[in-house]
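Some notes on the structure that comes next.
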Amino acid sequence: MPPIAKFTEVMTVIERRIREGDYLLDSIPGERKIAEETGVSYMTARRAVLKLIDNKVLIRDTSGSLGIHPSYVKRAKPAEVVLLYPAYPSTYLTQLRGLVSDFAEKRGIRLRPAQFVHWDEKTVLEAAAQARGTFVIPHGPGMPARLIEAFRENKVVILDGDFSSEGLPSIRLFSDSCVEEVLEHLYRLGHRHIDCVNTQNRNPEIERRIDIWQCWLKERRLKGQLWDKPAAEFTDPTIVSYNLAARLVDEQKVKSTAMICTTCPAAIGMMRACWERDIRVGKDLSICSVNIEPPAEFFCPSITGLKLPDLSDVLEKCVNWMFSTKSYHGSHLLEPNEPALFEGESTAKPIRRSSSRLVELG
């Protein structure tokens, strides 16, 4: 079999990049850049580009820049929607990506997931400007005003965050009442001293969860201490939570009967530190999370918290808008149907000491 011509290999590379949505994250480069990226001569890259133009895969505008030919979009159905999410290890982010990917597949939409490290990355702006629509999962530092303006000019939806006041359609996964339901679960069990633990890098969603806990305590006239030690950006909050819990227990600073963690990794770290110190989670101390992540239901003890809600309806509304020519209509704050509360073994009725034995309250 004769070897494949080099210019044909370059054509294959470019066509695959188009199908996979690589050029939603970066502009199609010129021949010299293509030659550098594929390890061929300029003339070979130019021959590949000219052939792709002849095949109506690429077009060249009056400025000389390359673009994707509209007929190729219809034939190949390349990725048109981008999901941008922070580049740090997280089961939660992986779970969210899976839900959006599954929805896109059912709708016959090709999705291009991509990670970013900071708001000023070229990738973030390129995706918003070039994709049919973009879902963005925000991270810690505040979003720059110039980026918010760029998002407003394109079809961008914030996932797991509330930027509706900035005019951006936003999917908030857990309503205020949902977060309160976790606290109410602890109250129904009989807990009256409930601390809050946060080791997640601060962002508007984490701030909201802490505010809900504080307001709920005030309304119920209950006691509670905030243990707040945010992990550094792009680091694991589980380890920070473990170290925090170890210190609190060793220094005998835990006075509460229950702790609600802003995220599941914080709950996991707390539980491990307690187990090593013979504190029985769900017996001596109840620990839960606002929301749980896989495989929290299979831990021993299993972790109490909100399951991830069904996003089909809100994603459907957003995708319909992305593929329409109309302006966004309706409330910019979108909330899915309320998720189920998973009542794990990590929470139970509080206990008190009577003589030398533990007595269950309630």
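Quick note: numbers below take in every heavy atom, side chains included, and nothing from hydrogens, waters or symmetry partners. Not measured: the values here are computed from a predicted model.
Ionic pairing of Arg32 and Glu36 is not present here: no N-O contact between side-chain nitrogen and carboxylate oxygen is shorter than 4.0 angstrom. No salt bridge links Glu9 with Lys6; every basic N to acidic carboxylate O contact stays at or beyond 4.0 Å. The pair Glu15-Lys51 does not meet the salt-bridge criterion, since no charged nitrogen lies less than 4.0 angstrom from a carboxylate oxygen. A salt bridge is absent between Glu345 and Arg280; no separation between the charged side-chain nitrogens and carboxylate oxygens falls under 4.0 Å. By the 4.0 Å N-to-carboxylate-O rule, Lys255 lies too far from Asp195 to be salt-bridged with it. Looking at Arg107 and Glu316, a side-chain N of the basic residue comes within less than 4.0 Å of a carboxylate O on the acidic one, giving a salt bridge.
With 3.5 Å as the limit, one finds no donor-acceptor pair spanning the side chains of Thr123 and Gln115. Counting only N and O atoms by type, the side chains of Asp160 and Tyr92 include a donor and acceptor under 3.5 Å apart. If you check the side chains of His191 and Thr257, you find a donor sitting under 3.5 Å from an acceptor.
Without hydrogens or angle criteria, Asn198 side chain to Asp228 main chain gives no donor-acceptor distance under 3.5 Å. Of the possible polar contacts, none joining the Lys155 side chain to the Arg152 backbone as a donor-acceptor pair under 3.5 Å is found.
Using a 4.5 Å heavy-atom cutoff, the side chains of Val49 and Leu66 are in contact. Using a 4.5 Å cut-off on side-chain heavy atoms (C-beta onward), Glu205 and Arg209 make contact. Contact annotation: the side chain of Leu96 never approaches that of Tyr85 to less than 4.5 Å [non-hydrogen atoms, C-beta and beyond].
The stretch residues 105-132 participates, sequence neighbours left out, in these ring pair (Phe, Tyr, Trp, His ring centres under 6.0 Å) pairs: Phe116-Trp119, Phe116-His139, Trp119-His139.
Here the options are Glu338, Glu335, Glu184, the test is side chain to side chain donor-acceptor pair (under 3.5 Å), and the partner is Ser177; only Glu338 passes. With Asp22 as reference, Arg112 is the one residue of Arg112, Arg16, Arg17 to meet the side chain to side chain donor-acceptor pair (under 3.5 Å) rule. When each of Thr262, Val290, Leu226, Val182 is tested with Trp213 by the rule side chain to side chain contact (heavy atoms under 4.5 Å, CB included), just one qualifies, namely Leu226.
The side chain to side chain donor-acceptor pair (under 3.5 Å) check on Tyr328 picks up nothing, with sequence neighbours excluded.
For the pair Arg220 and Tyr187, the cation-pi criterion (under 6.0 Å, within 45° of the ring axis) is fulfilled.
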